[in-house]
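Here the structure comes first, spelled out in structure tokens, and everything after it is commentary.
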Amino acid sequence: MLRTHTCGELRMTHTGLDVTLTGWVQHTRDMGGMTFIDLRDRYGITQLVFNMDNLPELCRESRKLGREYVIQVNGKVRERINKNPNLPTGDIEIEVMAFKVLGVSEIPPFTIENNTDGGDEIRLKFRYLDLRRTVLKENLILRHRMAMAIRDYLNREGFLEIETPFLIKSTPEGARDFVVPSRMNKHQFYALPQSPQIFKQLLMMAGYDKYFQLVKCFRDEDLRADRQPEFTQIDCEMSFVDKDDVLHVFEGMANYLFKEILNNVPANSFPRISYDEAMSRYGTDKPDIRFGMEIKELTPLVKGKGFRGFDEAEFAGAICAVGAAGWSRKQLDAITEFVRRPQVGAKGLIYVKYTEEGTTKSSVNKFFDDDSQKLWCEHAGANPGDLLLILAGSRKQTLTALSVLRLEMAERLGLREKKVFAPVWITDFPLFEWNEDENRFQAMHHPFTAPLDEDLHLLEKDPGKVRANAYDLVINGVEIGGGSIRIHTREVQQKMFRVLGFSDEEVQSQFGFFLEAFQYGTPPHGGIAFGFDRWVALFAGTESIREVIAFPKNNAGRDLMLDSPSYITESQLKELNIRLRE
RNA sequence: GGUCACGUAGUUCAGUUUGGUUAGAAUGCCGGCCUGUCACGCCGGAGGUCGCGAGUUCGAGUCUCGUCGUGACCGCCA
């Protein structure tokens, strides 16, 4: 080894010891008579001292060391005269006797410190420099610890980690596939998996009754801060289980992570809310339940008083902002503007201030008297001092807008505390949703999701009413994972494909092998998959999963460091029998 | 596929509203001074195709159009 210790481990107990350290020059402070250097490695920072009195030649040499030079130093550990309480190694320093430059460095394009001066673009281009920063380093360490804890828990629960192929087959339904041309099979393409769904079900059929995999998945769709074209799932499947069994095992896994990683267990068992209930109480299927502020319907209370905004609306709903009756005109205008943005799409915002004196003041005073406004307040659970915010319009759009408004208000009122975690299971999703563009039903989860037993008889008569035996894990408004009990008979699976509008020929060519597999003894099974990147981001306290991925892509799917994707040569194309079209 | 914002020194930004002399700041970088710093301090210096292209104008960093890049969002993401 080129070193005897790391830059994070030396303490007072090591004083007097002769040590050799290696690392990067974080910073030099040249005082004239003496020079201090902060030496950094993965483990921390240790201060080096050079002194003109002792070794003038060495001290002069040290001034030539630039930022990010890689050096090896030999010296003695000694107690500092001025200690630095902000540094774990701040009680000691190294009196350098000799050093050697192991690698010189250009001047880095941005400063490699906690508060970097670099913007997103340049940091992605020089990702290997950005990764030297403590924030990203700690995120990657967190990711590692979580991966280890997950493997540890699932291993002890008897799960086997089994790899599945990446070069597979393009199938309809779901996200757009990334495809890979096959040189040996002219004009044919593999697809990269959107998830190992079919493989894990085949593993259940093969008798591996508890499977998991930390696995890359690929979806060729447009990106967001919480979406990358390739991302990592914790993919799990179990046989001979019902919904409760699955939820129990993975509640256990979530709590194991909370305990091992954050030392903070939110609840032994997580609340469960049906999809319908989530939609009516929160306006979304991924509610943030760290705070109340639930949506209350006011439709019957507001109709018929001549206010067109209500009279013409299918639905009117309110949320109650506790203690916000004193909000200024400016604050209310800002929040009104917020809901009127095209992304939220509300026509306007009606507010009612329920004053401390017990009277009401609203933006629709002209149409409603104090008593009726008080009635709304009571209905929505508001007390004197609270602010009622009301949106009206079509039921679906208004609920969606209220859900967005609810989050925004919570943000402004400081109710979304980073260190509080509120997990919740959302259950009983609709099995299908209607696709307006294609004029057909499509699977809300995926085509292998089992209907609830009691809704099975509706499958062909009234597919829109069928509920799925499916569940999502939502933490703090972030969809962390989702899964379902799967269809395990050929008959139901075929009915499912029929409702989705597949012809028998299409089913045969796309899923023939799968239907065939059902015929050789298929156990009842179900599972779940978690977005590992999102989970790490949640624990790291960041919204962007790029912060927890070593080498992420930008929002156009480009790798700014590699400058990929890129063109390939004519000879590569020829080998693949591919001609580019305009 | 669409909407919006941004693009000025190595970097992060101001300047654009109202076109007008030599485009500024901070930080970084280079040189000098400094023996207890840790956001070291002080003095001095260098550093610019205002993304690119066209247009309007006596005159464009500033206005218009196009284009490229970056970010956020809608659609999309079973």
Determine the interatomic distance between [atom1] on [N] and the same-named atom on [M]; round to the nearest Å.
| N | M | atom1 | answer |
| --- | --- | --- | --- |
| B/rU37 | B/rG20 | C1' | 49 Å |
| B/rG61 | B/rG24 | C1' | 12 Å |
| B/rU62 | B/rG53 | P | 13 Å |
| B/rC58 | B/rG48 | C1' | 26 Å |
| B/rG69 | B/rU8 | C1' | 15 Å |
| B/rG15 | B/rU57 | P | 29 Å |
| B/rA26 | B/rC68 | C1' | 29 Å |
| B/rC29 | B/rC74 | C1' | 44 Å |

Provide, to the nearest angstrom, the distance between the [atom1] atom belonging to [X] and the [atom2] atom belonging to [N].
| X | N | atom1 | atom2 | value |
| --- | --- | --- | --- | --- |
| A/Arg60 | B/rG31 | CZ | P | 16 Å |
| A/Lys125 | B/rU12 | NZ | P | 12 Å |
| A/Ile122 | B/rG69 | CD1 | C1' | 14 Å |
| A/Ile545 | B/rG71 | CD1 | P | 14 Å |
| A/Phe126 | B/rG10 | CZ | P | 13 Å |
| A/Leu124 | B/rU11 | CG | P | 15 Å |

### Message
Counting C-beta onward and ignoring hydrogens, is there a side-chain heavy-atom pair between A/Leu405 and A/Val344 closer than 4.5 Å?
### Response
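No, their side chains stay 4.5 Å or more apart.
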#### Entry: Side-chain-base donor-acceptor pair under 3.5 Å for A/Arg558 and B/rG71
no
### Query
For every nucleotide of nucleotides 72-77 of chain B, 5' to 3': is a protein heavy atom under 4.0 Å from its base (B), only from its sugar-phosphate (S), or from neither (-)?
BSBBBB
## Note on the structure
Expected string for nucleotides 37-43 of chain B under the B/S/- scheme (protein heavy atoms, under 4.0 Å, primed atoms plus P, OP1, OP2 as sugar-phosphate) is BB-B---
Under 4.0 Å between any heavy atoms, over every strand shown, what does [X] touch: base, sugar-phosphate, or nothing? Just pick one.
| X | answer |
| --- | --- |
| A/Pro108 | nothing |
| A/Ser195 | base |
| A/Ile107 | sugar-phosphate |
| A/Arg78 | base |
| A/Leu560 | sugar-phosphate |

### Task
Starting from the C-alpha separation in whole Å, work towards a yes-or-no answer on side chain to side chain donor-acceptor pair (under 3.5 Å) for A/Tyr275 and A/Asp472.
CA-CA 10 Å; A/Tyr275 172 86; A/Asp472 276 1; over 6 Å; no
### Query
Can you tell me if A/Asn74 uses its side chain to pair, donor with acceptor, with the backbone of A/Val19 under 3.5 Å?
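Side chain of A/Asn74 to backbone of A/Val19, a donor-acceptor pair under 3.5 Å: yes, one is there.
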### Query
Are A/Tyr190 and A/Phe166 close enough that their ring centers fall under 6.0 Å?
no
### Message
Taking the six-membered ring for Trp, are A/Phe551 and A/Tyr128 closer than 6.0 Å centroid to centroid?
### Response
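So the answer is no for these two rings.
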### Query
So which of A/Val548, A/Ile475, A/Val478 actually passes side-chain contact (heavy atoms from CB on, under 4.5 Å) with A/Trp535?
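The option that passes is A/Ile475.
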### Query
Hey, which of A/His27, A/Gln26, A/Arg29 is the one that makes side-chain hydrogen bond (donor to acceptor under 3.5 Å, both in side chains) with A/Asp38?
A/Arg29
